[in-house]
Amino acid sequence: MLRVYNTLTGEIENFIPINSPFVGLYLCGPTVYGYPHLGHARGPIIFDVIYRYLLHLNYKVRFVRNITDVGHLVNDADEGEDKIQKRAKIEQLEPMEIAQHYTDAYHANLDKLNVKRPSIEPRASGHIIEQIEMINQLIQKGFAYESNGSVYFDVLKYAETHDYGKLSGRILSELMAGAGEARRELEGQSEKLNANDFALWKKASDSHIMQWPSPWSNGFPGWHIECSAMSAKYLGKSFDIHGGGMDLLFPHHESEIAQSTACHNVAPAKYWIHHNMVTINGQKMAKSLNNGILLSEVFEGKHELLEKAYSPMTLRFFILQAHYRSTLDFSNDALKAAEKGLQRLMNSLTILNKLEPGNQSDFNISVLNENIFKALNEDFNTPIALAHLFEAVGWINKINDGNAALTKVDLSTLKSLFQLVVIDILGLLEEQSSEGQNFIDPLLQLIISLRNEAKDAKDFKKSDEIRQKLLLAGFELKDGKECTTYSIK
RNA sequence: GGUCCUGUGGCCGAGUGGUUAGGCUCAGCUCUGCAAAAGCUGCUACAGCGGUUCAAAUCCGCUCGGGACCUCCA
């Protein structure tokens, strides 16, 4: 039985889909106004594993992950412009061109991380009509009002009949007490009935390039409405899982719940799943804090905090080694450790496929199997699942050394278990530079045999030279008992 | 200021009141021409103080430290 932590209740609950075997899964995607950094990778990777696991459990999953390409207000110097447009002015490009550029970069990075593409990846800019329609309904129902060409959601009105703050644990009266004091002045604050009201539609100034006609003004949609409109369109008014980063809890997800509930008379999502942040030196990695490390910088090793490049799979493993609800502190040492660990795990997979069965089994595969799925079923506890996998890594090495054995049946069970968990569910792949792989192997076998001739002739000077030069070329030789193997650095 | 989370061995990180999490690093040994890999062994921690309990890293209280949100954010 799969159990998931639901932010809405603060408890781990049994996962029971609204309409089994169908599962609707919505994840807040990126705002495409910059290159993705380390923190941006966590959500997609965590939810990729969740997606894969749900598929493994034979659910029919529709996974929607949006692209936000409109609407976010900036609150620094250029008030009222949206972020996409701001970049457009700097770079003298068409706004959509920029959105496309960063969307492509996002995809390229996630592909490297072996993150499956979602079933549907809607863009906010492609759903203006749906958003306007939803705003219309909210006005008709009395939950929203127009003010000077903009439309705001009436939080107080909503709070009369609903609990605004139940997701994020906020109390409206406290929000109101705090409003106005330590808060920064948002543009259009005077247009609101109440400081906590949030924008559904913003009137655009003439200089604002990204704008669309609406019944109220030429403008653009507020931030929260896009997710509500798109999730309702593709998953229905009520769906199973809504996910995102913990930093989106308030106001984004809280407001989504308010809008959707007010509009559809039903809560949008049954389970809310929030992953925690990636920190650096204990502090959240964020574009605004200027402490972000881009994914491309990790993959290329081009960052002052990084000793070297780390592969996408290393990063994926690093992220899965922590539970998704804990903060994860990033450092070069931590990545280095992840790299070694991953290597050991993947090596054991290769070894496993070459093992010969024995007459008896020294290890209990079914207990292993049970432990791994117990961990995954308990709120997707990937670190514990990995710990159990490493138990088996020890077994595999022992068998390989001839110090233990597994029967034919157990061996093949173990093989399929590793295949299923490591490759299919955790999405960890054997890494090799695929290009030229086909001719590299025979080439290296030739070099190895030449080196072995030198070794047999006790010409160690020559054999060491060959090994050293190959290492410089990126190939590491390992002299085993039976034969010499190599790995690509 | 308000709400909430958190503090685990050299590092990263799991932990349901009673059992060795796991990974990495380090030291020793086995194997080996050397190196690497692999195996074995060792290093056994829970911020501090107090309480509950036969038993607490785990529950409660206080103190100190770190963080998130309250504003765009994965």
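Atoms considered below: every heavy atom in the structure, side chains included; atoms not considered: hydrogens, waters and symmetry mates. Letters A, B, ... are given to chains in the order of the sequence lines, protein chains preceding strands, and every chain is numbered from 1. Being a predicted model, the structure only gives us computed values, none of them experimental.
In this structure, A:S463 reaches the bases: a heavy-atom distance under 4.0 Å links it to at least one base atom across the strands shown. Among the heavy atoms of the strands lying under 4.0 Å from A:L248 are primed sugar atoms or P, OP1, OP2 only; no base atom is included. Nucleic acid contact for A:L328: sugar-phosphate only, since backbone atoms but no base atoms lie under 4.0 Å from a heavy atom of the residue. Backbone-only contact: A:K398 has heavy atoms under 4.0 Å from sugar-phosphate atoms and none from a base. Residue contacts for A:M277: at a heavy-atom cut-off of 4.0 Å it reaches a base atom on one of the strands shown. A:N347 comes within contact range of no nucleotide atom at all, as no heavy-atom separation falls under 4.0 Å. Within 4.0 Å (heavy atoms only), A:Q283 reaches sugar-phosphate atoms of the nucleic acid but no base atom. Base engagement by A:F460 is indicated by at least one non-hydrogen atom pair under 4.0 Å involving a base atom. Across all strands shown, A:G169 has heavy atoms under 4.0 Å from sugar-phosphate atoms exclusively, and none from any base. Base contact: A:K478 has a heavy atom under 4.0 Å from a base atom.
Applying the 3.5 Å distance criterion, the base of B:rC34 shares a donor-acceptor pair with the side chain of A:D479. The base of B:rA35 is paired with the side chain of A:R467 by a donor and an acceptor separated by under 3.5 Å. Between the side chain of A:N400 and the base of B:rG39, no donor-acceptor pair under 3.5 Å is found.
Partner of A:D104 under the side chain to side chain donor-acceptor pair (under 3.5 Å) criterion, chosen from A:Q100, A:H101, A:H107: A:Q100.
Electrostatic pairing of A:E465 and A:K469 counts as a salt bridge here, judged by a charged N lying under 4.0 Å from a carboxylate O. Ion pair A:E339/A:K308 flagged as a salt bridge, since at least one NZ, NE, NH1 or NH2 atom sits closer than 4.0 Å to an Asp/Glu carboxylate oxygen. The pair A:E307-A:K336 counts as a salt bridge, with a side-chain nitrogen and a carboxylate oxygen less than 4.0 angstrom apart.
Straight-line distance between the P atoms of B:rG2 and B:rA45: roughly 38 Å, to the nearest whole Å. Between the C1' atoms of B:rC69 and B:rA74, the separation comes to 14 Å (whole Å). Spacing between B:rG67 and B:rC12 at atom P, rounded to whole Å, works out to 15 Å. Taking the P atoms as reference points, B:rC43 lies 13 Å from B:rA21, given to the whole Å. Nucleotides B:rU44 and B:rG9, compared at atom P, are 13 Å apart to the nearest Å. Nucleotides B:rG22 and B:rG42 place their P atoms 13 Å apart, quoted to the nearest Å. When the C1' atom is used for both B:rG17 and B:rA57, the distance is 10 Å, rounded to whole Å. For the P atoms, the distance from B:rG23 to B:rG18 is 22 Å, rounded to whole Å.
A side-chain donor-acceptor contact under 3.5 Å links A:N364 and A:S366. Side-chain contact check for A:Y152 and A:E191: at least one donor-acceptor pair (N or O, by modelled atom type) lies under 3.5 Å.
Residue whose closest nucleotide on RNA chain B sits further toward the 5' end, between A:K336 and A:D329: A:D329. With RNA chain B read from its 5' end, the first of the two nearest nucleotides for A:H40 and A:G341 is the one closest to A:G341.
Nearest nucleotide to the A:F318 side chain, out of B:rC70, B:rG39, B:rC12: B:rC12. Side chain of A:H275, nearest nucleotide from B:rC69, B:rC24, B:rA74: B:rA74. When distances run from any side-chain atom of A:H323 to the nucleotides B:rC40, B:rA14, B:rG22, the shortest one goes to B:rA14. Comparing B:rG2, B:rA21, B:rG39 by their nearest atom to the side chain of A:N397 picks out B:rG39. Across B:rA38, B:rG33, B:rC24, the shortest atom-to-atom separation from the side chain of A:R451 is found for B:rG33. In this structure, the nucleotide among B:rG23, B:rA74, B:rU25 sitting nearest to the side chain of A:K340 is B:rU25. Distance from the side chain of A:P251 is smallest to B:rU71 among B:rG22, B:rC12, B:rU71. Of the candidate nucleotides B:rG39, B:rG33, B:rC69, B:rC69 has the atom lying nearest to any side-chain atom of A:D247. Listed nucleotides: B:rG39, B:rA74, B:rA35. Nearest to the side chain of A:R344: B:rG39. Of the candidate nucleotides B:rU71, B:rG22, B:rA36, B:rA36 has the atom lying nearest to any side-chain atom of A:E476.
The distance between atom CZ of A:F380 and atom P of B:rA14, rounded to the nearest whole Å, is 16 Å. Protein atom CG of A:L477 is 17 Å distant from nucleotide atom P of B:rC34, rounded to whole Å. Distance A:E226 CD to B:rA74 C1': 14 Å, rounded to the nearest Å. Atom pair A:N452:CG and B:rU32:P shows a separation of 16 Å (rounding to whole Å applied). In this structure, CD1 of A:I466 is placed 15 Å from C1' of B:rG33, rounded to the nearest angstrom. Summarising the geometry, the separation between CD on A:Q468 and P on B:rC34 is reported as 18 Å, rounded to the nearest angstrom. Atom CG of A:N381 and atom P of B:rU16 are 9 Å apart (whole Å). To the nearest angstrom, C1' of B:rU32 lies 13 Å from CG of A:D464.
In this structure, A:T279 OG1 and A:M285 CE are separated by 7.5 Å, a value rounded to the nearest 0.5 Å. One distance of note links CZ of A:F299 with CG of A:N109; it measures 5.5 Å at 0.5 Å rounding.
Residue-environment remark: NZ (A:K462) stays at or below the threshold of 12 foreign heavy atoms within 6.0 Å. More than 12 heavy atoms of other residues, nucleotides or ligands sit less than 6.0 Å from atom CD of A:Q445.
Aromatic ring orientation, A:H274 versus A:W272: parallel (interplanar angle below 30°, classes split at 30° and 60°).
A close approach under 4.0 Å does occur between a side-chain nitrogen or oxygen of A:T31 and OP1 or OP2 of B:rA74.
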| Which dot-bracket notation, 5' to 3', represents the base pairing of RNA chain B when pairs are defined as Watson-Crick or G-U with both distances under 3.5 Å, crossing pairs as [ ], and inter-strand pairs as |? | (((((((..(((.....[...))).(((((.......)))))....(((((..]....))))))))))))....
